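Everything on this sheet refers to the single structure shown next.
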Amino acid sequence: MAICQTKVVHAQAVADNVTHLKLAVPEGCQWMTGQFARIAMPSTAEPQWRCYSIASKAGADTLDFFIARVKGGAVSPRLCNLKAGESILLDTEMNGMLIESRLQPGGRDLWLLSTGTGVAPFVAIVSDESIMNKYERVFLVHGVRNWNETQYLQHVLKLQPKLRVMASVTRDAGALIDVRIPDALESGLLEATAEAEITPQASRVMLCGNPAMVKAVRAAMRARGIVSPRNGEPGQLLAENFWL
Ligand SMILES: Cc1cc2nc3c(=O)[nH]c(=O)nc-3n(C[C@H](O)[C@H](O)[C@H](O)COP(=O)(O)OP(=O)(O)OC[C@H]3O[C@@H](n4cnc5c(N)ncnc54)[C@H](O)[C@@H]3O)c2cc1C
């Protein structure tokens, strides 16, 4: 564990309940695209550490995060109130499951299925050419309740011909996918909208966010023969839960 203090260089509310934080990268701090960091407010005697996915790729100029303000949460509302110039504690030992190189090589399509701020590691992944160059098509699916919770992606994602971004919006009208991601997968709506099929040969899949989504999609993928790498066996799926 290497705890250090760093500065917020940019803090912006990008949706009703989501703040985009950019932190200065401390000297020697390194991470892999898709990893998460532990951060804490510096003002408390006993820091309360929380994990946040890094939304910037390895080697970027800033450590970026998208933080959901959890109602009644001990830490996230305070992180969402931070302003540029304020200090924050960072553990520079990074961790995480969503490391693309852990996937079995050879897939043609990369599917990135997220809910809420679970999109953060995928923002990093689609900005990393070394990952994007491996795939012919990348489908980024963002599950949210309202349009407001996904519109900021327009400003943070670089448009690229091989990237297709699809929102699954459950409470506002107008989305092509208007049901939760697991339901869209089960009914065939997700693949019909993408005009692509998810198979063990062609597809590599990453999941991040709400544990109910992760659990349901993981089970659906297992039924198709798409599983996580385990005990040296190759796998086509990686997943990270934001809470239990
Ligand atoms: C590996 C990992 C990566 C994470 N990355 C992110 C990230 O990039 N962005 C982010 O906003 N959060 C992320 N989280 C969640 C984050 O660590 C905190 O749990 C969250 O900010 C709540 O902390 P809190 O102290 O405000 O709430 P607490 O007082 O600790 O209450 C925790 C409860 O809040 C709920 N909760 C946690 N996260 C969310 C959420 N995102 N949306 C709705 N409810 C939630 C759950 O019910 C959880 O049990 C991640 C968690 C893990 C384990």
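Position 1 is the first residue of the sequence; numbering continues from there. Since the structure is predicted, the reported quantities are computational estimates derived from the model, not experimental observations.
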What about [X] and [Y], same hydrophobic cluster or not, with Ile/Leu/Val/Met/Phe/Trp/Tyr joined at side-chain heavy-atom distances under 4.5 Å?
X: F242; Y: L98; result: no
X: L112; Y: L207; result: no
X: L163; Y: M206; result: yes
X: I131; Y: I99; result: no
X: V126; Y: V165; result: yes

From [X] [atom1] over to [Y] [atom2], what is the distance, rounded to the nearest 0.5 angstrom?
X: H142; Y: T150; atom1: NE2; atom2: OG1; result: 5.0 Å
X: H10; Y: T19; atom1: NE2; atom2: OG1; result: 10.0 Å
X: L90; Y: Q5; atom1: CG; atom2: CD; result: 10.5 Å
X: D183; Y: T170; atom1: CG; atom2: OG1; result: 10.0 Å
X: W111; Y: L237; atom1: CH2; atom2: CG; result: 13.5 Å
X: L110; Y: Y135; atom1: CG; atom2: OH; result: 5.0 Å

Evaluate the side-chain contact (heavy atoms from CB on, under 4.5 Å) criterion for residues E240 and F36: first the C-alpha distance (whole Å), next the side-chain angles of each, then the deciding distance (0.1 Å), finally the verdict. CA-CA 10 Å; E240 202 144 73; F36 66 85; 3.7 Å; yes

Exercise: identify the closest heavy-atom pair between [X] and [Y]:
X: S76; Y: V70; value: OG-N, 3.0 Å
X: A220; Y: L185; value: CB-CD2, 3.7 Å
X: S53; Y: P121; value: CB-CD, 3.5 Å
X: A11; Y: L21; value: CB-CD2, 3.7 Å
X: A60; Y: W31; value: O-CH2, 3.6 Å
X: L157; Y: L140; value: CD1-CD2, 3.8 Å

Walk me through whether W49 and L89 qualify under side-chain contact (heavy atoms from CB on, under 4.5 Å). CA-CA 9 Å; W49 293 96; L89 294 178; 3.7 Å; yes

Verify, without hydrogens or angle tests, whether [X] (side chain) and [Y] (backbone) share a donor-acceptor contact under 3.5 angstrom.
X: S114; Y: V141; answer: yes
X: S187; Y: L189; answer: yes
X: K162; Y: Q160; answer: no
X: D91; Y: E93; answer: yes
X: T6; Y: P26; answer: no
X: E195; Y: E191; answer: no
X: W147; Y: A173; answer: yes
X: S56; Y: D64; answer: yes
X: E86; Y: K83; answer: yes
X: N241; Y: W243; answer: no

Within a 6.0 Å radius of atom [atom1] on [X], are there more than 12 heavy atoms belonging to other residues, nucleotides or ligands?
X: M97; atom1: CE; answer: no
X: R224; atom1: CZ; answer: yes
X: R171; atom1: CZ; answer: no
X: E186; atom1: CD; answer: no
X: N133; atom1: CG; answer: yes

Checking side-chain contact (heavy atoms from CB on, under 4.5 Å) for the pair L79/M41: CA distance, chi angles, key distance, verdict? CA-CA 7 Å; L79 294 174; M41 294 295 295; 3.7 Å; yes

Given side chains that start at C-beta, do those of [X] and [Y] come closer than 4.5 Å, heavy atoms only?
X: V123; Y: L153; answer: yes
X: L82; Y: I88; answer: yes
X: N17; Y: E149; answer: no
X: R69; Y: N81; answer: yes
X: T193; Y: R164; answer: yes
X: P229; Y: L103; answer: no
X: T115; Y: V144; answer: no
X: Y152; Y: V119; answer: yes

Any side-chain donor-acceptor pair under 3.5 Å between [X] and [Y]?
X: N95; Y: R38; answer: no
X: S87; Y: K7; answer: yes
X: D128; Y: T33; answer: yes

Salt-bridge present (E100, R204; N to O < 4.0 Å): no

Can you spot which of I226, V217, D109, L113 makes a side-chain contact (heavy atoms from CB on, under 4.5 Å) with I198? I226

Test side-chain contact (heavy atoms from CB on, under 4.5 Å), reference S228, set E233, R218, Q236, output is R218

For T117 and I67, what are the C-alpha separation, side-chain angles and deciding distance, and is it a side-chain contact (heavy atoms from CB on, under 4.5 Å)? CA-CA 7 Å; T117 47; I67 303 197; 6.0 Å; no

Measure from the ring center of Y52 to the ring center of F66 and say whether it is less than 6.0 Å. no

